[in-house]
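To start, the structure under review is shown below, and the notes come after it.
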There are 2 protein chains.
Amino acid sequence: MAADATGALGWQDVAALARARLAARIWPPGAIIPPEAELAREFGVSRSTVNRALRALAEEGWLDRRRKAGTRVAERPVHRATLAIPLMRDEVEAAGHRYGYRLLDREVTATPGLLALQLGMRGVPRVLRLEALHLADGRPWAHEERWISPETAPGVFEADFAAQSANEWLVTHVPCSSVEVSVSAERATGRVAAMLECEDGEAILVVERITRQEGRGVTLLRLSHAPGHRIRSTPG
Amino acid sequence: MAADATGALGWQDVAALARARLAARIWPPGAIIPPEAELAREFGVSRSTVNRALRALAEEGWLDRRRKAGTRVAERPVHRATLAIPLMRDEVEAAGHRYGYRLLDREVTATPGLLALQLGMRGVPRVLRLEALHLADGRPWAHEERWISPETAPGVFEADFAAQSANEWLVTHVPCSSVEVSVSAERATGRVAAMLECEDGEAILVVERITRQEGRGVTLLRLSHAPGHRIRSTPG
DNA sequence: GCCGTCATTATGTCTAGACATATTATCGCG
DNA sequence: CGCGATAATATGTCTAGACATAATGACGGC
């Protein structure tokens, strides 16, 4: 490793060297870079180490690797930003506020057709619908409307969502695998505007999230944030 | 590997087995799971294979690994969603429209103080400011306001941004490392509303992006999308 | 010239062993 | 009892060698 006094390189060093060649266009976009074995010889490390380094760069989107075809520099590195999806409580507290939560409504309803479609549910006649408000220092932070499938979240009908937000209950009771997020801007109207204590027609950020467990839908969430809210990607 | 008829397991199989134990709460949140060596013995694979599998799960946020302390199941798996950041052209064409682009304004201006701060520029007296419109089937798709630092993007003053959007030029001329994204909802006003051909006060999605190269700011972009636009996370 | 077959090649993965490194736990001393 | 030195331990990483796998490209038959 680099930390060694031996001068031997670790995979992070190899990755850094490769990154430098990419930045300097020594390996220009579209070009095929030397095979692992050759780089291993050049850098004086084993092929595994080169493999680890190039695999990391490929995951970051810089390289495109295919068996036999070799490793190609991506024409245009597909940039990605990652959004963290924290608990509302953490988000509010991280912003320096005191978190508050109020359950507005709770009902067991027949499964809406669109919902069944989005969550990929079949033969689940009834779902739990919740409506809640998240508060920061007592002021509205976000309005939440949520549906939960009892199929993937057993015991959800018995949970006390007046005491604990759905997100917190789900996190501790249902292991989820994938999240799908959709963000849009809408104008606050009617009930949501009233709950958020903002003017009618104000621009608000609406986040819809579908959470799945092994491909089966667990919950659909529609979050209407108070005006002025920002979503930031996590650095890195 | 699993594809083998040998019955030997590969790292993906080990990861799947571990995932199953996590889902079944055999390894409950907060618990410490057996050390790699032990799992290697149990599964009949080498420690490297277990390491690869557990490392993957740790990257996904399921596990928390620390030397000597062992591997702990995350209390609450931090869910993440990743946003792809495509070229506007690709985004529009992927939506099934014909892409169009119009440069509205181009000027070299003194570096605004706030911009210098956000991009971490020092001693860069002048920057390029662009204003452009992206079209889908001839209709406004997004309004773009952008600043580019000539320090990290040499040659930017000579580029012809009437023929090619800034994004496309940058992608082929400047290797970038990190992107920071911020999303908010605003009301369309004045010039932007006119350009987007929407009513004043309409809710629009505003995306701000800062792109860096090795920590030095390259460009700041402010994209105002036409009403109704949605940002979706990439599955996976 | 066209198409199927086969050898070639670069990456993907696994193994066993070794050493590095960061903590944690323990033990002994004051 | 507190605290610092020390031993133990789990993960992090590297190596060399091996086989698997996918895809290419060349060759040969038609």
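Since this is a predicted model, take the numbers as computed values, not measurements. To find a chain, count down the sequence lines: A is the first, B the second, and so on, and within it residues start at 1.
Distances were taken from every side-chain heavy atom of P35(B) (C-beta onward) to each of dT13(D), dT15(D), dA10(D); the shortest belongs to dA10(D). In the set dC14(C), dT15(D), dT11(C), dT15(D) carries the atom at the smallest distance from any side-chain atom of V45(A). You'll find that the side chain of W11(B) is closest to dC14(C), out of dA10(D), dT13(D), dC14(C).
Taking a 6.0 Å sphere around CZ of R21(A), one finds it holds more than 12 heavy atoms contributed by other residues, nucleotides or ligands. For CZ of R25(A), the number of neighbouring non-hydrogen atoms (other residues, nucleotides, ligands) closer than 6.0 Å is greater than 12. The number of heavy-atom neighbours closer than 6.0 Å to CZ of R102(A), taken from other residues, nucleotides and ligands shown, is 12 or below.
The separation between R72(B) atom CZ and dA10(D) atom P is 14 Å, rounded to whole Å. With rounding to whole Å, R41(B) atom CZ is found 15 Å from dA16(C) atom C1'. Regarding R55(A), its CZ atom lies at a distance of 11 Å from the P atom of dT13(D), rounded to whole Å. The interatomic distance linking D13(A) (CG) with dT13(D) (C1') rounds to 12 Å, in whole Å. If you take CG of N51(B) and P of dA20(C), they are 18 Å apart, rounded to a whole angstrom. Residue E36(B) contributes atom CD, which lies 6 Å from atom P of dG12(D) at whole-angstrom precision. Rounded to an integer number of Å, the gap from D64(A) CG to dA10(C) P is 17 Å. If you take CZ of R52(A) and C1' of dC14(C), they are 15 Å apart, rounded to a whole angstrom.
The minimum heavy-atom distance between H79(B) and C176(A), with the atom names listed, is NE2-O, 3.7 Å. For P34(B) against W27(B), the heavy-atom pair with the smallest separation is CD-NE1, 3.9 Å. Between L170(B) and A153(B), the shortest heavy-atom contact is CD2-CB, 4.3 Å.
In this model, the phosphate group of dT11(D) is approached by a side-chain N or O of T71(B) to a distance below 4.0 Å at OP1 or OP2. Considering only side-chain N and O atoms, Q12(A) lies under 4.0 angstrom from the phosphate OP1 or OP2 of dT13(D). Put simply, R65(B) has a side-chain N or O that comes within less than 4.0 Å of OP1 or OP2 on dG12(D). The side chain of T49(A) places an N or O atom within less than 4.0 Å of a non-bridging phosphate oxygen (OP1 or OP2) of dT15(D).
On a pure distance criterion of 3.5 Å, a polar donor-acceptor pair joins the side chain of R47(B) and the base of dT13(D).
For residues 151-182 of chain A, every residue pair satisfying the ring-ring contact (aromatic ring centres under 6.0 Å, His included) rule, not counting sequence neighbours, is listed here: F161(A)-W169(A), W169(A)-H173(A).
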Please list, pair by pair, any protein nitrogen or oxygen found under 3.5 Å from a nitrogen or oxygen in nucleotides 23-25 of chain D.
{"residue": "dT24(D)", "atom": "OP1", "partner": "R66(A)", "partner atom": "NH2", "Å": "2.9"}

